[in-house]
Each structure stands twice: as structure tokens, then as C-alpha cells.
Amino acid sequence: MTDIFDKCKRTHYSNELTPELAGETVKVTGWVHEIRDLGGIVFVLIRDKNGITQLTAPSKKLTEEMMADVRAARKETIITLTGTVQESGKAPNGVEIIPTNIDVINVSKLPLPLDTTEKVDAEMDTRLDARFMDLRKHDVSAIFKIKNEMLHTVRNYFYDHDFTEITTPKLVASATEGGTELFPITYFEKEAFLGQSPQLYKQMMMATGLDSVFEIGQIFRAEEHDTLRHLNEALSIDAEMSFRSQQDVMDLLEDLIRTISANLLEKNQNELDILGHELDIPKEPFPVVPYEEVLDIVNSHDVEMNYGDDLSRAAEKVIGDQMGSYYFITEWPTAIKPFYVMPNSDDPEKSTAFDLMYRDLELSSGSQRIHSYDLLYQQIEAKDLNPDSFEKYLEAFQYGMPPHSGWGMGADRLTMVLTGAQNIRETVLFPRDRRRLTP
């Protein structure tokens with residue numbers, strides 16, 4: 001008995017079939033994408049991860065048995081097609097395959113949960129319920145090919161800049177930054193929480209002498225949002241650097257964004273074309289807008305914002321319209337930033353915190369961190385938090401903590417920018433929001 005893996009072992013992916021192969025025998029494996037039976041001739045489009053191949057079956061050239069096999073094809077059934085390459089200007093890649101053999105690998109159930117040809121639009125919930133099939137669509141899989149290359153670029157960038165990759169716990173005993181946006185879980189006889197951020201662990205790593213660390217990992221926020229840009233489980237890219245200033249880490253973040261954009265234009269132009277998204281390498285340097293200037297801009301456009309307010313959605317839209325592409329907001333009020341953010345030495349009312357924005361979307365937050373134990377302890381108390389809850393974290397600051405800075409960036413939001421996606425759920429394989437816990 002022929003092994004099924006021998007049957008479906010392809011010689012080419014769809015994008016490798018060109019007119020130069022005319023007359024050669026090839027073997028293609030994929031899903032039946034579409035069938036057009038015109039009586040005397042049948043066209044079957046076969047889809048793989050890289051594109052579409054056209055099977056052309058003229059009744060005058062094929063046996064009745066072969067024609068019956070072709071006509072028996074069901075949409076989304078996996079088949080292996082063996083046949084001869086023939087030039088065809090109207091077919092994908094300018095070629096069609098005249099079949100000599102068809103092996104049915106696995107038959108699909110009908111009706112389908114959604115239309116993979118996209119002739120019938122599906123609601124987002126329908127798509128997410130049948131995500132395995134939704135990703136068969138090339139415009140959907142293109143998003144994840146771009147995200148894959150983005151993450152690959154991020155890792156290589158950090159390695160090239162002498163960072164050490166770390167992995168920190170996602171089960172924690174207390175909140176990272178205080179607040180109530182926590183998912184509690186039962187941890188044996190104790191209560192624990194899903195981690196909001198690797199922030200405290202990143203800072204503790206600065207006391208180890210490794211100097212620069214990064215992590216790509218999940219974060220969890222129990223925020224009751226129901227928007228196009230929020231999820232309750234997200235992928236975060238985090239970096240922390242000893243002996244580096246706020247400006248140093250802003251420069252590194254800017255350079256990373258530019259490197260990612262250049263790499264995607266080089267390696268993922270096909271996916272960008274599928275999405276119809278034009279990606280430019282951002283100009284340098286990114287504009288820097290102090291918080292007080294943001295305040296003036298927002299209020300001048302009839303959106304009320306007082307000193308000490310965070311950006312409302314309306315305020316984000318105003319400043320995004322004015323600034324356009326990537327830009328930094330700096331000099332945030334110390335009072336509204338987390339306890340570990342270093343106040344500005346010249347004006348403690350202002351902090352060293354910064355946000356990286358793309359139009360009206362916040363991508364990253366960072367700052368110089370407090371490295372003095374006494375000041376950090378005071379700031380924890382000033383935020384009405386209990387220093388005892390941060391005992392192990394604080395201990396690292398008593399034995400030679402270097403000055404340090406860092407940032408965290410939302411990988412899913414960045415993917416929205418890089419792909420033109422309008423809903424963050426488009427950029428996550430199996431998104432988790434307040435209404436969705438499956439699949």
C-alpha cells in the first residue's frame with residue numbers, strides 16, 4: 001500500500017510553476033479552491049500556501065474516468081494533482097496543468113463554515129469561529145506571514161545589538177503596576193494572577209549584570225474594552241537596558257521600527273500586494289511632541305483635555321490627524337505614570353515617560369526607570385501601593401542597581417500598522433476579548 005505521504009509529496013508550490021516548465025510533469029498538492037464545469041472542459045483551482053494552480057481538464061483529451069475524478073472534486077478537499085505544465089496566459093502564473101493523475105487525500109465536509117473564495121463576505125465572529133478555514137484565505141494568511149517576519153526581524157535586531165533574550169513568569173503573586181485590571185486564578189492553596197507585564201522582572205534583570213535584555217511574550221489585562229484595538233491577551237515586545245537614557249532607548253525603538261519596515265519591503269512585498277497595503281520606510285527622526293503641546297493641539301480642536309488627563313479616544317484622533325505617521329509624545333505628568341518611571345530631574349512634575357504613536361494608535365510606552373531604592377519606595381507609597389507586596393522586586397535595588405531605561409511595544413498593534421488591518425483581531429490567531437474564549 002502506497003504511503004499517504006508519498007502520494008501527497010509535491011514537486012512544486014504554486015508560485016514555482018512558470019511557463020519555463022512547459023512540457024514537464026509536476027506534482028501539486030493543495031485544497032480545491034474553486035470548480036468551474038463548462039461541459040466540455042472543467043477548470044479546478046488548487047490552493048496552497050503560496051498561491052493558486054489551475055487544473056484544466058478538456059474532455060477531448062482525458063479519459064472518461066479521469067473526467068469523472070475531476071468532476072467529483074469538492075471544494076476544500078485536499079488533492080494531489082500530477083500532470084503536464086502548459087502555457088496559458090489567463091491562468092495563474094501563466095500556466096495550467098493537464099492532469100494525468102488525481103489522488104484524493106482527504107474529502108471536505110459540505111457545506112463549508114465560510115466561503116474561502118471571499119465571494120460571500122463573512123462576519124468577524126463567523127471567521128473567528130472557523131479560524132482554521134479563515135486562514136486558508138491568502139489575504140488573511142498574508143497578515144501572519146508579515147507578523148512572522150516582523151518577529152523574526154525583532155529577534156535578529158536584538159541579537160545583533162547584544163541583547164539577551166529572557167522569559168519571565170506569567171503567573172504572579174501581585175499586580176505589576178497596581179490597579180484592578182488583573183485576572184485572578186487559583187494557584188494551589190493561594191490566589192495568583194496572570195501577568196500584566198514583564199516590567200518588574202525586566203528591571204530585576206538589570207541588577208544581574210546582563211545589561212540589555214528583551215522578551216517577546218503574552219500579557220494579560222482584565223480591561224472591559226470592546227474596541228477594534230484592545231484585547232485581553234496580547235503579545236508584547238519588551239526591552240530593558242542598563243546605563244542607557246530615555247533618549248537612548250527611544251533612538252533604539254525608532255531604529256527597530258525602521259529596520260522592520262525595510263525588511264518587510266524586501267521580503268514580504270507579495271503579501272503587502274495581496275493586502276493592497278503600501279508600507280513606507282518611516283522618515284527620520286520621528287517627531288517628538290511634549291505632553292503640554294499635545295494638550296494645546298487637542299484643546300484647539302474643540303476636544304477638552306486637562307493637564308493630568310490621559311489621551312481620550314477623541315484626543316488620539318485629533319493628535320493623530322495632526323502628526324500623521326510615527327511620532328513620540330514625551331514629558332508626561334509624573335502623577336499619571338507608573339511608580340517605576342523616573343521623574344525629570346529638572347522638573348519632577350514631569351516624567352521621563354514617552355509613548356510611541358502611529359497616527360491615533362499607541363504602539364509603545366517607555367521611560368527611564370527609577371534605580372534608587374529610596375525614591376522607588378517613596379513612589380510606591382505615593383501611588384497608594386503597599387511596598388510589602390513588592391518586597392522581592394525592591395530587594396534587587398539595594399545591591400547596586402544601575403541606571404536603566406526601557407519600553408514595551410504591542411506586537412499585535414504594530415502588525416495592524418504593518419498590514420493595514422483595521423481590527424486587532426485580524427492580527428491574532430485566536431483572539432481573546434471580553435466575549436471570546438474559544439476556539
Side-chain angles (χ1 to χ4, degrees), residues 163-164 166-182 192-215 217 219-221 236 238-250 252-253 291 308 310 329-356 364-409:
F163 278 69
T164 300
I166 62 171
T167 55
T168 60
K170 303 303 170 237
L171 297 175
V172 297
S174 62
T176 304
E177 302 171 11
T180 58
E181 297 161 353
L182 292 162
F193 305 94
L194 296 179
Q196 297 171 301
S197 162
Q199 180 61 41
L200 306 190
Y201 292 105
K202 285 192 305 174
Q203 289 188 263
M204 291 168 72
M205 293 302 296
M206 296 299 92
T208 66
L210 288 176
D211 284 5
S212 299
V213 301
F214 80 97
E215 177 173 12
I219 61 171
F220 303 87
R221 299 287 174 97
S236 183
D238 281 86
E240 206 76 15
M241 288 148 273
S242 294
F243 311 111
R244 301 289 184 90
S245 68
Q246 170 196 352
Q247 188 60 54
D248 290 334
V249 297
M250 287 170 62
L252 183 129
L253 177 55
Y291 175 85
D310 205 344
I329 299 176
T330 60
E331 299 183 12
W332 288 83
T334 300
I336 65 171
K337 284 300 176 180
F339 63 80
Y340 51 78
V341 171
M342 178 70 81
N344 189 304
S345 57
D346 296 326
D347 183 359
E349 294 289 315
K350 298 176 182 178
S351 73
T352 59
F354 62 87
D355 283 359
L356 174 64
S364 173
S365 292
S367 71
Q368 180 185 341
R369 322 303 196 186
I370 294 172
H371 60 279
S372 160
Y373 173 86
D374 291 338
L375 179 57
L376 187 60
Y377 195 100
Q378 291 170 18
Q379 289 294 91
I380 291 173
E381 288 188 318
K383 299 291 184 181
D384 293 324
L385 299 171
N386 183 1
D388 292 343
S389 299
F390 299 90
E391 178 185 3
K392 291 299 179 183
Y393 164 73
L394 285 167
E395 186 177 357
F397 290 79
Q398 294 179 292
Y399 300 95
M401 173 65 78
H404 58 282
S405 306
W407 45 257
M409 177 164 59

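Computed from heavy atoms alone, side chains included, the values below leave out hydrogens, waters and symmetry copies.
- Aromatic ring pairs are classed by plane angle as parallel below 30°, tilted from 30° to 60° and perpendicular above 60°; the pair H404 and F397 is tilted.
- Considering only heavy atoms from C-beta on, L252 comes within 4.5 Å of F163 through its side chain.
- The shortest non-hydrogen separation linking F354 to G406 is CZ-O, 4.2 Å.
- Taking OG of S405 as the reference point, atom CG of D248 lies at 7.0 Å (rounded to 0.5 Å).
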For this session: Please lay out, stage by stage, how I370 and V341 fare under the test side-chain contact (heavy atoms from CB on, under 4.5 Å).
Result: CA-CA 6 Å; I370 294 172; V341 171; over 6 Å; no

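- Taking 4.5 Å as the limit, some side-chain heavy atom of R369 sits within range of a side-chain heavy atom of E240.
- Note that CG of L182 and CG of L194 are 9.0 Å apart. Values are rounded to the nearest 0.5 Å.
- Pairing each heavy atom of E215 with each of P198, the nearest pair is OE1-CB, 3.4 Å.
- Side-chain contact of S372 with D374: a donor-acceptor pair under 3.5 Å is absent, judged by distance alone.
- The side-chain heavy atoms of L200 and K392, taken from C-beta on, include no pair separated by under 4.5 Å.
- Environment of CD in E391: sparse, with no more than 12 heavy atoms of neighbouring residues, nucleotides or ligands closer than 6.0 Å.
- With hydrogens and angles disregarded, no donor-acceptor distance shorter than 3.5 Å links the side chain of T334 to the backbone of P343.
- Across every non-hydrogen atom of A353 and S367, the tightest pair is CA-CB, 3.6 Å.
- Side chains of V172 and Q196 form no contact here, defined as non-hydrogen atoms less than 4.5 Å apart.
- Residues S197 and I219 approach most closely at CA-CG2, 4.0 Å, considering heavy atoms.
- A donor-acceptor pair under 3.5 Å is formed between the side chain of K383 and the backbone N or O of A335.
- A distance of 8.0 Å separates OG of S351 from CD1 of I336, quoted to the nearest 0.5 Å.
- Of all the heavy atoms in D355 and S365, the pair that sits closest is OD1-OG, 2.8 Å.
- To the nearest 0.5 Å, atom CD1 of residue I166 and atom CZ of residue F214 are 9.0 Å apart.
- In this structure, F339 and Q379 approach most closely via the heavy-atom pair O-CB, 3.4 Å.
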Exercise. Under the side-chain contact (heavy atoms from CB on, under 4.5 Å) criterion, do K337 and T352 qualify, and how do the steps go?
Worked result: CA-CA 10 Å; K337 284 300 176 180; T352 59; over 6 Å; no

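- Taking the side chain as every heavy atom from C-beta outward, M206 and V213 approach each other to under 4.5 Å.
- Residue L385 holds its CG atom at 5.0 Å from CZ of F390, rounded to the nearest 0.5 Å.
- For the pair M205 and T168, the minimum side-chain heavy-atom distance is 4.5 Å or more.
- Using cut-offs of 30° and 60° on the angle between ring planes, the pair Y291 and W332 is tilted.
- Between P403 and F243 the shortest side-chain heavy-atom distance falls below 4.5 Å.
- Summarising the local packing, CD of E381 is surrounded by more than 12 heavy atoms from other residues, nucleotides or ligands at distances under 6.0 Å.
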Problem set entry | CA sep, side-chain torsions, deciding dist, call: M401, Y373, side-chain contact (heavy atoms from CB on, under 4.5 Å) | CA-CA 9 Å; M401 173 65 78; Y373 173 86; over 6 Å; no

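- The OG1 atom of T164 sits 8.5 Å away from the CG atom of D211 when rounded to the nearest 0.5 Å.
- Inter-residue side-chain proximity for Y393 and Y340 is flagged as met; some heavy-atom pair is nearer than 4.5 Å.
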For this session: For M241 and S212, run side-chain contact (heavy atoms from CB on, under 4.5 Å): C-alpha distance rounded to whole Å, both residues' side-chain angles, the deciding distance at 0.1 Å, then the answer.
Result: CA-CA 4 Å; M241 288 148 273; S212 299; 3.5 Å; yes

